[in-house]
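Shown next, in structure tokens, is the structure this report addresses.
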Amino acid sequence: MFNCIKSENNVFKNLINGQWLSSKEDNFIEINSPIDNSIVGKIPAMTKEEVDFVISTAKRAQKDWSKVPINERAEILYKAADILVKNIDELAEIMVREIGKDRKSSRSEITRTADFIRFTADTAKNLSGESIPGDTFPGYKRNKISVVSREPLGVVLAISPFNYPINLAASKIAPAIIVGNSVVLKPATQGSLCGLYLAKVFQEAGVPNGVLNTITGKGSEIGDYVVTHKDINFINFTGSTEVGTRISKITSMVPLLMELGGKDAAIVLEDADLELAATNIVAGGYSYSSQRCTAVKRILVIDKVADELVAKVKEKISKLKVGNPLVDDVDIVPLINKKAADYVSELIEDAKNKGADLVAGGNRDGNIIFPTLFDNVTTDMRIAWEEPFGPVLPIIRVKNKDEAIEIANKSEYGLQSAVFTKNIDDAFYIADRLEVGTVQVNGKTERGPDHFPFLGVKASGIGTQGIRYSIESMSRPKATVINLLK
Ligand code: NAP
Ligand code: G3P
């Protein structure tokens, strides 16, 4: 099924108007595995003219697609979910090699995505419009009724990051197309192969020609051109705050939905179940080497229980398996590239130099950063504020819950936070005051389940995702007002 998406020499093609096309130019980007630097494939660096053609194709196809009944669109999504699961072995293998995610997490990303797609179809089938009587507003009579339905926006540009190359592409594509938009997917360069495989899955399920198209090429080269293209009607972006901010500065009059960086805090109070907190901190802080926006990225713990928590976290870190996801079932994998590993090393050096206590890790082998824990981190250290996107966690000891809230809120980010306590009043006291999209009480920070609202405030994002929320974000109300003559 996937043969057509690449040529024999492993050069991948793009899905354009229902055809898998090579680039006209001889300009390709090599995708190397973060595990062993082997070549996983090559992708076209598309030209502006090719981008124009893709977007015009999407624009044309959207008109007919918007007229297809929702139940028919839903059937295509159910099929796509089935095809995804049927091909899980091949897709997971690509994911392991392309982004270095461990095999178990790669497989679970794929099954989770299939569930996401099915739930999107279910949700869309159950969305209904409303009719609003005019006479509820002062001065109006019963002769005015607004009938409100939902309309697609047009061409949705979906830009996905490297770390969830199937899930964070599909979670844009499925809600966009179910409501009648067409989509242009620009996957992260490292992650493009997974994105192209996913596009093939949707095509195989019956998504009509032109409704889903792909663009490959470096964001730094074609990104600005794509996001400012006149025929893009909506941008759904997941990635760094730096790139997200740039997109929001250079675009105008195009609605944006953005999931950006985070510095999620786990706040541990004196009465917390420390075993539970430590388990969640380690699971939430180190999986896929912390290359997750929602990873726990700092621990704010009440001084009185800090020693006990540190001991428990340290003990659990020692059980994490570090290594090569191609051969072992590991928790800690090589970071996505050398630049990412160098950045984490810088943060580690800064913390060491400024006097933080190294409790675990701190060492590196190539692009593998061993799971690292620092205690007695102070607010002058970079690791207190910056998002490492690598397996290093700072512990900041605090006097009380108000100091924890104050430090938590000083961050530029506002994605999620976790609070560990047995006292529901304290949990609500803190949750009410945290400037984040979601507060998890007695659980790790995480996005799922995927029908929950998922959003970041401050530098962590714009708008709200989550299945129903994403569908609503990528459509608009259309009001038809009936003025009764009698
Ligand atoms: P990134 O470097 O910002 O890249 C994200 C996407 O943007 C890629 O497809 C990239 O393409 C593209 N891009 C780069 N420059 C662009 C430009 N000028 N215009 C348009 N697109 C451009 O982020 P990443 O390294 O892939 O992912 C890590 C970051 O994403 C972290 O900060 C993480 O917190 C955040 N993230 C957030 C969430 C969330 O839900 N809040 C989820 C996942 C990740 P190229 O690959 O070709 O450069
Ligand atoms: O970083 C990507 C984001 O979507 C994370 O999802 O389930 O790992 O919290 P999850």
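Counting convention: from 1, in listed order, for ligands and their atoms alike. Numbers here are sequence positions counted from 1. Computed from a prediction, not measured in an experiment: that's the story for all the values here.
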List every atom of ligand 1 that sits less than 4.0 Å from any heavy atom of Ile247, numbering the atoms from 1 in the order shown and giving each element. 20 (C)

Students should be able to answer this: which protein heavy-atom is nearest to atom 9 (O) of ligand 1, and at what distance? Ser160 O, 2.8 Å

Tell me the contacting part of Leu168 for ligand 1: side chain, backbone, both, or neither, using a 4.0 Å heavy-atom threshold, strictly below. side chain

Can you list the atoms of ligand 2 that are under 4.0 Å from a heavy atom of Cys293? 1 (O), 2 (C), 3 (C), 5 (C)

With atom 9 (O) of ligand 2 as the reference point, say which of Leu415, Leu168, Asn167, Thr294 has the nearest heavy atom. Thr294

Nitrogen or oxygen of Ser460 less than 3.5 angstrom from that of ligand 1: no

Nearest protein heavy atom with distance in Å, relative to atom 4 (O) of ligand 2: Arg447 NE, 2.8 Å

The atoms of ligand 2 lying under 4.0 Å from a heavy atom of Glu446, numbered in the order shown, are 9 (O)

Does ligand 1 have any atom sitting under 4.0 Å from a heavy atom of Tyr164? no

Any atoms of ligand 1 less than 4.0 Å from a non-hydrogen atom of Phe162? List them with their elements. 24 (P), 25 (O), 26 (O), 27 (O)

Note, Asn87 side chain near Phe2 side chain (heavy atom, < 4.5 Å): yes

Hey, which atoms in ligand 1 end up nearer than 4.0 Å to a heavy atom of Ala188? 8 (C), 9 (O), 46 (O)

At less than 4.0 angstrom from any non-hydrogen atom of Gly217, what atoms of ligand 1 do you find? 47 (O)

Return a yes/no value for Glu259: is any of its N or O atoms, backbone included, closer than 3.5 angstrom to an N or O of ligand 2? no

Please confirm whether Gly239 comes within less than 3.5 Å of ligand 1 when only nitrogen or oxygen atoms on both sides are compared. yes

So, are Lys24 and Glu50 salt-bridged, with charged N and O less than 4.0 Å apart? no

Of all the non-hydrogen atoms in the protein, which one sits nearest to atom 5 (C) of ligand 1, and at what distance? Thr238 O, 3.7 Å

As an exercise, identify every atom of ligand 1 less than 4.0 angstrom from a heavy atom of Thr189. 45 (P), 46 (O), 47 (O)

Considering only heavy atoms, does Asn163 approach ligand 2 within less than 4.0 Å through its side chain, its backbone, both, or neither? side chain

Would you confirm whether any non-hydrogen atom of the protein falls under 4.0 Å from atom 27 (O) of ligand 1? yes

For ligand 2, which atoms have a heavy atom of Arg112 less than 4.0 angstrom away? 6 (O), 7 (O), 10 (P)

Which atoms of ligand 1 sit under 4.0 Å from any heavy atom of Lys218? 47 (O)

Any Gly461 heavy atom less than 4.0 Å from ligand 1: no

What atoms in ligand 1 come closer than 4.0 Å to a heavy atom of Phe454? 40 (O)

Are Lys101 and Tyr164 in a cation-pi contact, defined as NZ or CZ under 6.0 Å from the six-membered ring centre and within 45° of the axis? yes

